[in-house]
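The structure displayed is predicted, hence computed values, not measured ones. Counting starts at 1 for both ligands and their atoms, following the listed order.
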Amino acid sequence: MTSRKWTPSFLDENNVSISSKKSALIILNQPFSLGLLWRLWKVSSWKACADGGANRLYDLFSGELEDLRIRFIPDLIKGDFDSIRDDVKEYYLSKGAAVIQDGDQCSTDLMKCVSSLSDLESQTDGVQHDVVILGGLSGRLDQTVHTLSYLHKLRKLRESVFVITDDNVAWVLDSGEHEISIDHKTLGQTCGLLPVGVSSTILTTRGLRWNLTDHPSHFDGMVSTSNHLVPEEPIVYIKTTEPIWWTAELRPEAFAELPSISISS
Ligand SMILES: Nc1ncnc2c1ncn2[C@@H]1O[C@H](COP(=O)(O)OP(=O)(O)OP(=O)(O)O)[C@@H](O)[C@H]1O
Ligand SMILES: Cc1ncc(C[n+]2csc(CCO)c2C)c(N)n1
């Protein structure tokens, strides 16, 4: 069996897009830094805000950063609109964003954005974007578990879906073998292999400080948290018999580059 290679361009300090796939960014209603947004924005060809995620984007550009707001107009804002403010809705509408209210009470604003992306893909070339979700790993526990559950289910429908915050990057590794490229300038040392949503899995790893060989992992038993990446090791290898969550800590200084204030471009 060949292993799945993971080389997400947004985790590469030099932004060398090894993948030829286009990237889609979905901004949730959670805090994030300008540095992180900038890293994701510049590699994403389609950007969406889930409801109150639009308030977060708008409010990031206040005070002396206000001139930058115009350079960060999303393609879509979608949700039930119980969180987006009227001034934010008006601003992005006037700047050309599609603003779509969907009152469905059985799907979350995150799901509504992914569904619009899938519609867009099937109306164009049918090729899937890599999806990067900004936020959703902390805050309200029900929302956090929704993120964990939704990506677990999406693994059957979409090839690559990542979640990122200022502290963590995480995604679901489906059953099978994986090779994850590690940019040590972006990732910190701590990582975890989390058997969420499965009764048990058998893990084999290479490239970690504490490796496993055909070792069972389940919530009622061993869970590999607070594991470490090995400095200089460019690849982590993971074999799992069931889907698991892979999570790695981000360096606080990793997203220091900021867009310039000049509005000439
Ligand atoms: N406190 C939170 N913790 C984690 N994720 C959140 C939190 N609040 C919102 N999100 C994410 O941001 C998206 C947009 O959130 P928003 O606050 O606009 O609406 P909501 O009414 O709380 O969410 P929803 O309508 O989707 O249940 C949500 O779908 C969810 O994925
Ligand atoms: C069993 C069950 N539990 C919760 C909800 C509520 N709910 C789930 S997603 C959503 C939309 C939020 O914008 C809402 C209100 C439901 N419908 N069914």
Just to confirm my output: which protein heavy-atom neighbour is closest to [atom], and how far is it?
| atom | value |
| --- | --- |
| atom 5 (C) of ligand 2 | Gln105 O, 4.2 Å |
| atom 2 (C) of ligand 1 | Gln30 NE2, 3.2 Å |
| atom 16 (P) of ligand 1 | Ser83 OG, 3.4 Å |
| atom 11 (C) of ligand 2 | Ser107 O, 3.2 Å |
| atom 14 (C) of ligand 1 | Ala50 O, 3.4 Å |
| atom 29 (O) of ligand 1 | Leu110 N, 3.3 Å |

Does any N or O in the side chain of [X] come within less than 3.5 Å of the main-chain N or O of [Y], such that one atom is a donor and the other an acceptor?
| X | Y | value |
| --- | --- | --- |
| Gln128 | Glu159 | yes |
| His215 | Asn211 | no |
| Thr205 | Leu212 | yes |

With only distance considered, is Asn29 within less than 3.5 Å of ligand 1 through an N or O on each side? yes
Got an N/O contact under 3.5 Å between Leu28 and ligand 1? no
Side-chain donor-acceptor contact under 3.5 Å, [X] with [Y]:
| X | Y | value |
| --- | --- | --- |
| Arg56 | Asn29 | yes |
| Ser160 | Arg4 | yes |
| Lys112 | Ser116 | no |
| Asp130 | Ser23 | no |
| Ser175 | Thr241 | no |

Per-residue contact class, His146 against ligand 1 - non-hydrogen pairs under 4.0 Å: neither
For a ring-ring contact (aromatic ring centres under 6.0 Å, His included) check, start with the C-alpha distance between Trp171 and Trp6, then their side-chain angles and the critical distance, and finish with the verdict. CA-CA 10 Å; Trp171 66 92; Trp6 296 94; 5.5 Å; yes
Determine whether any protein heavy atom is located less than 4.0 Å from [atom].
| atom | answer |
| --- | --- |
| atom 1 (C) of ligand 2 | no |
| atom 18 (N) of ligand 2 | no |
| atom 13 (O) of ligand 2 | yes |

What are the atoms of ligand 1, with element, lying closer than 4.0 Å to any heavy atom of Asp80? 25 (O)
Quick one: which ligand 1 atoms are inside 4.0 Å of a heavy atom on Gly52? 18 (O)
Quick check on Glu232: does its CD atom have over 12 non-hydrogen neighbours (other residues, nucleotides or ligands) under 6.0 Å away? no
Within a 6.0 Å radius of atom CZ on Arg158, are there more than 12 heavy atoms belonging to other residues, nucleotides or ligands? yes
Could you tell me whether Asp80 and ligand 2 have an N or O pair separated by under 3.5 Å? yes
Pick from [options]: the one approaching [atom] most closely through a non-hydrogen atom:
| atom | options | value |
| --- | --- | --- |
| atom 3 (N) of ligand 1 | Ala54, Gly136, Gly103, Ser138 | Ser138 |
| atom 23 (O) of ligand 1 | Gln143, Gln105, Arg140 | Gln143 |
| atom 25 (O) of ligand 1 | Asp82, Asp109, Ile26, Val145 | Asp109 |

Can you sort out which atoms of ligand 2 are near Cys106, meaning under 4.0 Å from one of its heavy atoms? 9 (S), 17 (N)
Exactly one candidate in Leu60, Leu34, Leu258 meets side chain to side chain contact (heavy atoms under 4.5 Å, CB included) with Leu65; the answer is Leu34
